[in-house]
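Single-structure report; data block below.
Quantities reported herein were computed from a predicted structural model and do not represent experimental measurements.
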Amino acid sequence: NVIVGSTFEEKMQRGISIVASDFTSNDFINNISNAKNQMVQRDTESVYRYQAIFGRLNYNLYNKYILNLTGRRDGSSRFGANNRFANYGAVGFAWLLSNEKFLSNSKMVSFAKIRTSYGIMGSDLIGDYQYLNTFGISPYKYDGHMGLDALRLYNPDFSWESTKKFELALELEFLENRLSTALSYYNNRSSNQLVGIPLPATTGFASVQSNLNATVQNQGIEFLLRSVNSNSPNYRWVTDFNISFPSNKLLEFPNLEESTYGNTYVIGLPITIKKVCHFLGVNHSTGLYEVEDVNNDGEITIEDKTAIENLGVQYYGGINNSIQFKNWNIDFLWQFVKQKNYTPDYYNNLLGIASNSPKRAMDYFSENNPNATYQKPTMGLNYEAQEAFWLYKESNGVISDASYIRLKSLQINYRLDNQLFKNTQASIYIQGHNLITITKFWGNDPESIGTLLPPLRTW
C-alpha cells in the first residue's frame with residue numbers, strides 16, 4: 001500500500017510578566033491595579049510554523065518479505081530562509097523466516113523474524129527566532145528613556161539537527177508462544193547538534209546559537225525474554241525480563257582542543273564523562289581535603305584534572321512476574337540500574353556554616369579523629385578550607401557507585417465470587433510502589449540525584 005500526506009502546523013504564544021509593589025493593603029495583593037508601582041518586565045509574542053509532505057510505501061511479497069520505504073520534506077520557521085527545508089527518509093526490511101518451508105512445520109519454532117532499518121531524521125526542537133539578531137525592551141530606563149537589550153546574535157547558517165539511525169533485530173517464539181525473545185542492536189549517529197556555543201565575556205553574549213560540528217554515536221543492545229512458566233486452568237505464571245546496554249561516544253569534533261569544549265570532552269570517550277581531580281582524602285597535617293597535583297607545580301589547575309569518571313548508565317533492566325492462582329493474582333516488578341553519579345557531598349555546603357548536613361558529616365577531622373572522612377569545619381573564614389572544599393567538589397571524591405535494585409511495584413488482587421449479580425466483577429487488592437531499594441549509595445536515593453524528591457514509597 002501507498003500513503004501520501006502533508007502536515008501544516010502554526011502555533012502562536014504570548015507572554016506577559018508584570019512586577020508590582022507598594023500595595024495599599026495586603027488584602028488586595030492579588031489585584032495588580034492596587035499597586036502604586038507597576039512595571040512590565042516582559043511582553044512577548046512568538047509564532048512557529050511547520051509544514052511537511054511525506055510518503056510511505058509498504059510492499060509484502062509472499063507474506064515472507066516486507067519492504068517499507070518512507071520519504072519526507074520538512075520545513076520549519078525556526079531556521080533561516082537558506083536552511084528552512086530539509087529532506088529525510090528511511091528504508092526498512094523484514095524477513096518472516098517462520099513462513100519459509102524449512103520452518104513452517106517446525107514444532108519448536110512458532111515464529112521467527114529478522115528486521116532491519118536505516119533512516120535519517122531531523123530535529124528543530126529549539127526555541128523560536130534563535131537564528132535572528134534579536135532585541136528586547138530593557139526593563140530599566142536610561143536618562144528617563146526606555147532602551148533596547150541585545151538578546152541574540154545573527155547566525156544565517158543555523159540549520160536542522162540530523163540523526164542517522166540503524167537497527168537490526170531478531171524476534172523468536174518457541175513452543176506455541178510459551179517462550180519468546182527478541183534481540184536488537186541499534187546505532188544512531190547525531191550531527192549538527194542545536195546548541196549554544198559559549199562565547200568570551202568580552203563579546204557581551206554568553207553564547208550564540210549554532211550547529212555543533214561534532215558527531216556523537218549512541219549504540220546499544222536490548223534483550224527481551226518472555227516465558228509462560230505455567231498455563232493450567234487454575235495456575236498461570238508469566239515472567240518478563242528485559243535488559244539494555246546503552247553506550248555513547250564522541251566520534252568527531254574538529255579542533256576540539258582549541259574549542260570551549262576542549263576541557264569537557266575526549267574523542268573516543270562517552271559524552272557523559274567528567275574530567276576531575278584525583279581525591280587523596282583528608283590531609284593528616286592540615287586537616288583539609290587534598291587532591292593530587294599531577295604535574296607537581298605546586299598549584300591545582302585544570303591540567304591536574306586527569307581522572308575521568310563516566311556518569312552514564314552502563315546497563316539497566318527489569319524482571320516482572322505475574323502469577324494467577326484460582327482467584328488470586330500477584331504481580332511484582334524488580335528493576336535494576338548499573339551507574340555512577342554524584343554523592344550528596346557535591347550539592348552540600350561547606351561543613352561548618354549554618355546549613356543542614358548529613359549525619360555522616362559528624363566524622364570530621366580533629367586531633368582525636370585524624371582519619372576522618374570530612375575535613376575540619378569552618379564558618380567560612382578559613383580561606384584554605386574553602387579552597388580545599390571547592391577542589392573536593394571538582395574531584396572523584398564526590399562520585400560513587402549509584403547502582404541499585406528496586407522492588408518497583410507489587411499488587412496482590414483477590415477476585416470475589418459474585419453469585420448475586422450477573423455480568424459484574426468485584427475485587428479486593430493491595431498495591432505498593434518503590435517498596436524495597438538495595439544499593440550502596442549513601443544518599444537519599446540513587447535514582448533522584450541532587451535535590452530532587454526521591455520516588456515515594458506508597459501503599
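For Lys164, the NZ atom counts as loosely surrounded, since its 6.0 Å shell holds 12 or fewer non-hydrogen atoms of other residues, nucleotides or ligands. Within 6.0 Å of CG on Leu61 lie more than 12 heavy atoms contributed by other residues, nucleotides or ligands. Counting heavy-atom neighbours within 6.0 Å of Trp334 CH2, excluding the residue itself, gives a total above 12. Heavy atoms from other residues, nucleotides or ligands lying under 6.0 Å from OH of Tyr186 number more than 12. Remark: Lys393 NZ is packed, more than 12 non-hydrogen atoms of other residues, nucleotides or ligands lying under 6.0 Å away. A 6.0 Å sphere centred on CD of Glu45 holds more than 12 heavy atoms belonging to other residues, nucleotides or ligands. Atom CZ of Arg178 has more than 12 heavy atoms from other residues, nucleotides or ligands within 6.0 Å. Counting heavy atoms of neighbouring residues, nucleotides and ligands inside a 6.0 Å radius, atom CZ of Phe166 exceeds 12 of them.
By the 30° and 60° cut-offs, the orientation of the rings of Tyr65 relative to Phe93 is parallel. In this pair, Trp95 and Phe102 present their aromatic rings perpendicular. The plane angle is above 60°, beyond the 30 to 60° band.
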| field | Candidate pair Lys408 and Asn434, rule side chain to side chain donor-acceptor pair (under 3.5 Å), full reasoning | value | CA-CA 5 Å; Lys408 189 66 177 178; Asn434 306 309; 3.1 Å; yes

| task | Apply side-chain contact (heavy atoms from CB on, under 4.5 Å) to Arg84 and Tyr131, showing your working. | result | CA-CA 11 Å; Arg84 189 155 291 168; Tyr131 71 96; 3.2 Å; yes

| field | Residues Lys340, Asp401; criterion salt bridge (charged side-chain N to carboxylate O under 4.0 Å, His left out); working and verdict | value | CA-CA 5 Å; Lys340 280 187 176 182; Asp401 186 6; over 6 Å; no

| request: Apply side-chain contact (heavy atoms from CB on, under 4.5 Å) to Tyr289 and Val282, showing your working. | output: CA-CA 4 Å; Tyr289 295 131; Val282 177; 3.9 Å; yes

| task | Any chance you could lay out the side-chain contact (heavy atoms from CB on, under 4.5 Å) test for Arg14 and Ile16, step after step, and finish with the verdict? | result | CA-CA 7 Å; Arg14 293 205 63 184; Ile16 186 168; over 6 Å; no

| field | side-chain contact (heavy atoms from CB on, under 4.5 Å) assessment of Tyr265 paired with Ile271 | value | CA-CA 6 Å; Tyr265 302 121; Ile271 62 174; 4.0 Å; yes

| Passes salt bridge (charged side-chain N to carboxylate O under 4.0 Å, His left out), Glu9 versus Arg49? Steps please. | CA-CA 6 Å; Glu9 179 182 348; Arg49 292 188 177 95; over 6 Å; no

| field | Full working for salt bridge (charged side-chain N to carboxylate O under 4.0 Å, His left out) between Asp445 and Arg406 | value | CA-CA 11 Å; Asp445 184 78; Arg406 170 171 289 156; 2.2 Å; yes

| Pair Arg115-Glu167, salt bridge (charged side-chain N to carboxylate O under 4.0 Å, His left out): steps then yes or no | CA-CA 8 Å; Arg115 57 180 173 83; Glu167 185 176 10; 3.4 Å; yes

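Between Tyr414 and Tyr429, the ring center distance fails the sub-6.0 Å criterion. When ring centroids are compared, Tyr364 and Tyr374 stay outside the 6.0 Å threshold.
A side-chain donor from one of Tyr392 and Asp345 sits under 3.5 Å from a side-chain acceptor of the other. Residues Asn321 and Asp331 bring no donor and acceptor atom of their side chains to less than 3.5 Å of each other. Asn234 and Ser232 form no side-chain donor-acceptor contact under 3.5 Å, judged by distance and modelled atom types alone. Side chains of Asp304 and His278: no donor on one and acceptor on the other come within 3.5 Å. Counting only N and O atoms by type, the side chains of Asn188 and Asn218 include no donor and acceptor under 3.5 Å apart.
Here the closest heavy-atom approach between residue Trp160 and residue Ser76 is recorded as CZ2-CB, 3.6 Å. Asn177 and Ser110 make their closest contact through N-OG, 3.5 Å (heavy atoms, listed as atom of the first residue, atom of the second, distance). Taking each heavy atom of Leu69 and Val91 in turn, the nearest pair found is CD2-CG2, 3.3 Å.
For the atom pair Ser400 OG and Asn341 CG, the distance stands at 8.0 Å (nearest 0.5 Å). If you take CD on Gln431 and OG on Ser409, they are separated by 7.5 Å, rounding to the nearest 0.5 Å. To the nearest 0.5 Å, atom OH of residue Tyr48 and atom NZ of residue Lys11 are 7.0 Å apart. Between Ser427 atom OG and Asn327 atom CG the span is 9.0 Å, to the nearest 0.5 Å. Here the CD1-CG distance, from Ile302 to Asn263, works out to 3.0 Å after rounding to the nearest 0.5 Å. To the nearest 0.5 Å, the span separating OG on Ser191 from CD on Glu161 amounts to 8.0 Å.
Remark: side-chain polar atoms of Glu222 are not paired, donor with acceptor, to backbone N or O of Phe245 under 3.5 angstrom. Side-chain atoms of Ser230 never come within 3.5 Å of backbone atoms of Trp237 as a donor-acceptor pair (strictly under, hydrogens ignored). Although no hydrogens or angles enter the test, the distance criterion places no donor-acceptor pair under 3.5 Å between the side chain of Ser98 and the main chain of Phe111. Between the side chain of Asn192 and the backbone N or O of Asn211 there is no donor-acceptor pair closer than 3.5 Å. At least one donor-acceptor pair closer than 3.5 Å links the side chain of Asn396 to the backbone N or O of Phe279. Using a distance-only test at 3.5 Å, with no hydrogens or angles considered, no donor-acceptor pair links the side chain of Ser244 to the main chain of Pro246. The backbone N or O of Pro344 lies less than 3.5 Å from a partner atom in the side chain of Asn348, making a donor-acceptor pair. A distance-only check finds no donor-acceptor pair linking the side chain of Glu252 to the backbone of Ile267 [under 3.5 Å].
Figure legend: cation-pi geometry between Lys376 and Phe365 absent, as NZ or CZ is not positioned both under 6.0 Å from the six-membered ring centre and within 45° of its axis. In this structure, Arg360 is positioned above the aromatic face of Trp442, its NZ or CZ under 6.0 Å from the six-membered ring centre and within 45° of the axis. Remark: Arg226 is not positioned above the aromatic ring of Phe241, lacking an NZ or CZ atom under 6.0 angstrom from the ring centre and at most 45 degrees off the axis.
Ile319 has its side chain within reach of Thr239: a pair of non-hydrogen atoms, C-beta onward, lies under 4.5 Å apart. Counting heavy atoms from C-beta on, the side chains of Val337 and Val313 come closer than 4.5 Å. Proximity of Leu351 to Phe389: side-chain heavy atoms (C-beta onward) are nowhere separated by under 4.5 Å. When side chains are defined from C-beta on, Thr272 counts as touching Asn248, because their heavy atoms get closer than 4.5 Å. You'll find the side chain of Trp328 stays beyond 4.5 Å of the side chain of Asn413, heavy atoms only. Lys326 places none of its side-chain heavy atoms less than 4.5 Å from the side chain of Tyr235. In this structure, Thr70 and Arg56 have side chains that are in contact, with non-hydrogen atoms separated by less than 4.5 Å. Side-chain contact between Gln130 and Arg152 is present, with heavy atoms from C-beta onward closer than 4.5 Å.
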